[in-house]
Structure formats: C-alpha cells, structure tokens
Number of protein chains: 2
Amino acid sequence: MKKKATLKEIANELGVSISTVSKALKGSTEISEETTEKITAFAKLLHYRPNNIALSLKNRRTKTIGVIIPEIVHHFFSEVIQGIETFANEKGYNVLIALSNESFDKEVFNIDTLASGSIDGFILSVSKGTLKNQDFHHLYETINQGMPIVLFDRQIPEISCDKVIVDDFQGSRRAVEALIGAGCKHIALITTEDYVDVGFKRTQGYLDAHTRQGIAQNPDLILRVNDQFFSEDALVPLQSRIKEMFLLHPEIDGIFGVNEVYALSGMKVAQRMGYKIPDDLQVVGFTDGVLSKHAYPSLTSVKQHGQNIGREAVQMLIRRLESESDGPFETKVLQTELVQRESTRFEN
Amino acid sequence: MKKKATLKEIANELGVSISTVSKALKGSTEISEETTEKITAFAKLLHYRPNNIALSLKNRRTKTIGVIIPEIVHHFFSEVIQGIETFANEKGYNVLIALSNESFDKEVFNIDTLASGSIDGFILSVSKGTLKNQDFHHLYETINQGMPIVLFDRQIPEISCDKVIVDDFQGSRRAVEALIGAGCKHIALITTEDYVDVGFKRTQGYLDAHTRQGIAQNPDLILRVNDQFFSEDALVPLQSRIKEMFLLHPEIDGIFGVNEVYALSGMKVAQRMGYKIPDDLQVVGFTDGVLSKHAYPSLTSVKQHGQNIGREAVQMLIRRLESESDGPFETKVLQTELVQRESTRFEN
DNA sequence: TTTCAACACGCAAACGTTTTCGAGACCTTT
DNA sequence: AAAGGTCTCGAAAACGTTTGCGTGTTGAAA
C-alpha cells in the first residue's frame, strides 16, 4: 500500500534537495552525472511519475479536453468521441466527458464545473434544450474567459468560435437527387421539427434537390416528427404516422429519412404493407450507423465520418490552445459520402 | 478576455487578505457580516469559482473517476458509460475516459498517465490484448499504490478488487432453456473463442441448459468465431461460415448468438435461405442493443442493463474512496433479463 | 483605569512541481 | 596568494486553495 512517490521523498531519502532531484530527472546539465544516475535509478525503483495535478497548477494548463455531448448511447456521437479520444491521446491530451442529456441546465452546469480549471478547452455539441431556449450566455461567458470552444454538429451561427460541421445540405441534396436519378417521382421525407439545425438543413437539401431536378414536391409527403419519438418506446406512434402517410399516398416510391431510425422505420412500415424494397420503394437514411449496415435489406445512407469530425475538432482546439495567435475563427465543413446498399437501385 | 478570477484578485481589489476572502465565501463565522456581504457580492460579480486544480492539489483528491474501456462505438459500453457518467455526476464526480482499443499497451499507458494524480480511482473493462497476454502487472501496481479499481464485464479472477459483472452463465442458460421450452431440438451456438471470459461463460450456459433439460447437444452446432470477424467488413466470412453450418445441418431450429451481431447474422443468413422466423427457426441474442430492437423481425435477446452496471461500479468505487475502511472486496453479480420479441415463440 | 473576553481579520504552512538565482567548493590563471 | 571561472547544488518563489493559530481592536466588567 505504498503511496505515490514524490520529489520530496526521493530528496530526503537521498540526502539532496528537491530541486536537485527535479533537475536530475529532467536531465539538466546542472547536476553531475554521478548524482543524476543515482537519482534516476532510485526514482525508477519507486516508479516515480510527476503528479499531474501539481503540474497543471504550475503550468496553468491541464492537458485535458472537455467534451460535452447530448448523449453517448448513440452511434454518431460515440464515433465522434472515438475520434476525439484517439487523436487527443496522440497529442498528449486526456478527455473529460460530460453528458447534457439534451438538457439546458445540465449543459450549463457541466460547462461551469469543467471550466473551473479542470480543462483547457471545450469540444461540444449543444443540447436540444439549449437550442430551444436560444440562451447561449454560458457559451459566451466561457469564450470571454479565454477558454476556447469548438462546436460540432449542432450549429449556432451567432456564436463566434471554431466549428466543425457536416455539409448536411449537400449530403441530403445528393441523396435525394440520387433517388430521383433512380426513378423516384414521389419521395417522402421523414424529418424533425425545424429548431434542430441539422434537421432543418437536411430538409432544405431535400427541397433543393427537387427544385434542381425540376420535380414537383408535394408538401404532404413531408412528415415532421416530434423529437419525443426518439425515445425508445415511442416507435409505435412514429410508425403509425408513417403508415397513415402511406395509406394516403400510395404513389410514394422513395423515402428519405434524416436519421437512421426514421429511414428504417419507414422501410419497416412499407415492408409490412407489402412493398418490395428496393423494387417498389427505395430508401435512404442520413447517418451511417450500425443499423443501416445490419438492416434487411441493408440501408443506403449518408455517411458522416464521425471520427473525422472528432479529429478535426481536436486539431482546431489544440491549434488554438498551443498558439498564442488569436487568429480568425474557422468553420470546417466536412463532406458526406453516400454509401450504397440494398435499399436503393442506384446505378453507380 | 478577462481571465478567471482568483482569491488573490478579489482580496487585492477589496483590500483584505486572501484568507478573509476564502473564509467569507465559505460563510465562516469568523468574518463579519458586513465584510462577508461585500466579498460575496464582488465574487458573484466576477463569476468567481474556486480553481479545481488547486483544490485537488490541496485535498489530494480530484473528484474524478477514470474509465478505461476497450472501445466506445459499441452499444453495451456506451450504455455503461452513460450509467457511470450520470451517477458519478450525481455524486459530484467527473469522468475521464480513455480507450484501450483492445490493446494491452494502450491500456497500460492510459492507466499510467491517469494514475499520476489525475483521478481518484478506476473503473475498467480489460482489453482483449490484456486477456491474451495474461499480464496484469499494471493492475497490481495500481492497486498497490492504494488506488482503487473496479472491474466490470470482462473478469479477471486472480485479481482481488471490487467487480461488477453480469451473470452470463445464468443469462444464457435461461435463454437456451427458453428456446428448448419453445420446442427447439437443435440449437446452434455462435460464440467467440474461449479466452474472452464472457464468451466462455455464455457457452457454458448454453451447454448447461442442454444438460439440465436432458437434450442432446451436437458439438457440430457450435460455431466459434475469431474476433476479427467483429471488424466491420468481415461480416461476409462470418455469414458464409454460418451458411455452411446451415447447409450441413438443416435440422437446426434455433440459434443462440453470444452477441447481437452473431445472432442477427444467423437470422439474416437463415432468412435468405428461406427460413421463416420464428416459425422454422427461433433466434435469441445476448446484449439487448439497438440492433435487436430494430431488426426485422425484432430480436429476442438477453438484456444486460448496461446503465445499472455503470451505476453499481460507481457506487462501489465511491464507497471505497470515501470510507477509510478497507473492507473485503466484493463482486456484484447483476442478473440479466430475457426480452422477448418477434424472433421467438416463447409462450410467456 | 485596568483586565479580559469576544470579535474580526491576517500570517503562514501545506499540497507537488518547475525554475531562477545565488552560493559554496574547487580549480585555474596571473 | 589573490582573482576569476566552473561545477554542483540548494533556497525560494510561484501556481490557487484551505485552515490553524496568532494578533490587534473593541467593548464590557471589575
């Protein structure tokens, strides 16, 4: 049960001063070879490692990145975390994670606690609660205190800081254009309500695709789902609304869902109603997760490269942390990739 | 760009000493009401919050829990993290996350770095690399330094520390017994190689169910999959091995997979070969994740309650951190739950 | 007026580092 | 032998807290 060794203990044991030990371990030329050897040997014996907390206090930097995400049981976010953690580690940083659970209050609380010295900077995706409230004072305050923030995924245009986002508009536009190119004339959209930025942009992309391809778009084919439908057990009402739409509009021959669950639910409902996928109906989802891969038939989807998002975010944050220059803020827009699988008949 | 306020700044500004400010903010009776009011008001104005790092150094505790898991893009592990984070937060702790990526070296490295003062204790699930190496020196050393560890999921019997595990044996025994009860005579098992403890136990449960129910078990119906099959693109060889088994043994009328992907792959292969689920073939998987819920037909599976595991682990760790008593180590065994869905015909 | 408590506050140490600066010991040079 | 120069090391400050103890001021009691 021996506790961690400290400089003082080594110094006392060897009859030298603390500073001598410190210098010896850092290989300073100030200390004689003989002493250095003796000290390093003894330190190795005791498994000495400098105390991070003391270092953080002295250097006024923790080498830790704070990450706040709405939830972690979620393929996309855990992929981003994976990217963040891996790259941060390569750069010698640790990652402190906090969950907002989509709640404004928890987001504020977490930012407050972490900002009190625990971390050097934030990477975060704002909660839906925050987006609803439109209250960003906690973010402003943090930035004003000189702590850098990198936002990812969920955008807040009015906040000036580094951002890394996905080109939701282009991604969904291309997906819908691909559907049109594959012969779909009546494409249903299953989307969220507009206050979530990414849902809004994906809807815009859907609309734009129609405009550009000169296809009429029927507003009745847009299903706006309340977010509550995302909670596990609320799949039933979602599916019944989808079924309703199919009954009203049997002409539907394509589905674009702004996330995996919506697309998959659309596909399942259609299958149960007798539609053949992809012959009668083609389906594309946004976010390429484990569900798309393992669905039957497997789901064509728009891949977001979550790990790259994390990687980019870390890179932007560390650049700002380690350079004194307060350059202009950047917004990195990452392109998506359309992964084709069995739920569509794209020629390519 | 004002930096964080410190006690010293407040003291200087108000012409009092640092200790007066500190005591006033803590509501000490030593300080007069008048001064206390003045100080708290000014501190509020400056958004003063005590520096966590300084507190950690002084108190020799960081109020941070280190979590090391093999990977995070994984439904089970992210559920555990969710449980850990939520409960730790309630208790006033933060969570530092590190990923081993199933590598022994990364696990050792992460433990070493985090153990140097950054955290108060560990919650971890050991990597496959560590299990292969059978080298646990890093864990022993950490424990010897007086830093508590709670292991979860992946067991290491020879290490004495607190553990929280799932009753894999019972869970799979009951699942297989349910299959037998529902009329299955020839149940295939898709499992991992034996060095992973949980895979081994689930296999044992499968065997025991046969023994107890007096059903003959055919060793040819056990498919041992190399772990590489878990990497995304290696589903194809997995599926072809499953198909092979079906061709050789058309009598198969039940499948038990030790994880979601195995069970789902088994079901998909069977569906493609014309089997009707659950009429011709019933399927049960271990780990109740998003795949099971959204599969078509949805998959009956053994639910592990990942969040509870995280919760229990935090509870054990904090109990050890906050009580001086070094009581005996405990192993908490959590029971599983058989969640019935469309892939089986269990009467219950 | 002296004495003594109560009150209000400041000093200083401690947590474990790093780093600047100064100082003693020894050696070389004149 | 004195002066100067190298080596080798130690003292102390600093990072931001908390806290035990000392101290000065006040008021009241003797």
Side-chain angles (χ1 to χ4, degrees), chain A residues 2-40 42-43 46-64 113 115-120 145-147, chain B residues 2-40 42-43 46-64 113 115-120 145-147:
Chain A
K2 53 177 190 231
K3 283 278 169 193
K4 295 238 63 163
T6 75
L7 286 185
K8 194 200 285 192
E9 284 165 26
I10 299 182
N12 287 343
E13 210 66 37
L14 262 46
V16 293
S17 80
I18 296 180
S19 36
T20 304
V21 179
S22 175
K23 287 171 187 164
L25 291 177
K26 311 216 91 182
S28 163
T29 58
E30 266 185 80
I31 310 298
S32 71
E33 261 189 51
E34 190 191 11
T35 320
T36 303
E37 250 177 69
K38 189 179 61 180
I39 292 179
T40 46
F42 192 64
L46 261 52
H47 294 107
Y48 171 78
R49 303 221 26 201
N51 180 304
N52 282 330
I53 295 294
L55 284 180
S56 295
L57 185 58
K58 178 126 192 66
N59 301 331
R60 245 97 61 91
R61 55 194 318 225
T62 61
K63 282 265 181 184
T64 302
T113 40
S116 315
S118 305
I119 61 160
D120 295 340
Q145 281 183 357
M147 175 159 300
Chain B
K2 52 177 186 232
K3 284 279 168 192
K4 295 238 62 163
T6 76
L7 287 184
K8 195 200 284 192
E9 284 165 26
I10 300 183
N12 286 343
E13 209 66 38
L14 261 46
V16 293
S17 81
I18 295 180
S19 37
T20 304
V21 179
S22 175
K23 287 169 184 166
L25 291 177
K26 311 216 90 183
S28 163
T29 58
E30 265 184 84
I31 309 299
S32 72
E33 262 190 50
E34 189 191 12
T35 320
T36 302
E37 249 177 70
K38 189 178 60 179
I39 290 179
T40 46
F42 192 63
L46 261 52
H47 294 109
Y48 171 79
R49 304 227 19 206
N51 181 306
N52 281 331
I53 295 294
L55 284 181
S56 296
L57 185 59
K58 178 128 192 62
N59 301 333
R60 246 102 53 94
R61 56 194 318 224
T62 61
K63 283 268 185 180
T64 302
T113 39
S116 316
S118 306
I119 61 160
D120 294 340
Q145 281 183 357
M147 174 160 300

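These figures come from a predicted structure and were not determined experimentally. Letters A, B, ... are given to chains in the order of the sequence lines, protein chains preceding strands, and every chain is numbered from 1.
Atom CG of L25(B) and atom P of dC9(C) are 13 Å apart (whole Å). If you take CD1 of I31(A) and P of dT6(D), they are 18 Å apart, rounded to a whole angstrom. Across the protein-nucleic acid pair, I53(A) atom CD1 and dT18(C) atom P stand 14 Å apart, rounded to whole Å.
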Review item, nucleotides 24-26 of chain C N/O atoms under 3.5 Å of protein N/O:
none

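Scanning both residues, I53(A) and S56(B), for their nearest heavy atoms gives CG2-CB, 3.8 Å. Residue H47(A) comes nearest to Q145(B) through the heavy atom pair CB-NE2, 4.5 Å, listed as atom of the first residue, atom of the second, then distance. In this structure, P50(A) and L55(A) approach most closely via the heavy-atom pair CB-CD1, 4.1 Å. Of all the heavy atoms in R49(A) and T113(B), the pair that sits closest is NH1-N, 3.7 Å.
Under the side chain to side chain contact (heavy atoms under 4.5 Å, CB included) test applied with Y48(A), the options L7(A), T40(A), I39(A) reduce to a single match, L7(A).
Note that the CD1 atom of I18(A) and the CG atom of N12(A) stand 7.5 Å from one another [nearest 0.5 Å].
T35(A) comes within 4.0 angstrom of the backbone, heavy atoms only, and of no base.
Contact check for N52(B) versus K63(B): no side-chain heavy atoms found under the 4.5 Å cut-off. Between L14(A) and V21(A), every side-chain heavy-atom pair lies at or beyond the 4.5 Å cut-off.
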Classify every nucleotide of nucleotides 10-17 of chain D by which part a protein heavy atom approaches to under 4.0 Å, writing B for the base, S for the sugar-phosphate alone and - for neither, in 5'-to-3' order. BBB-BBBB
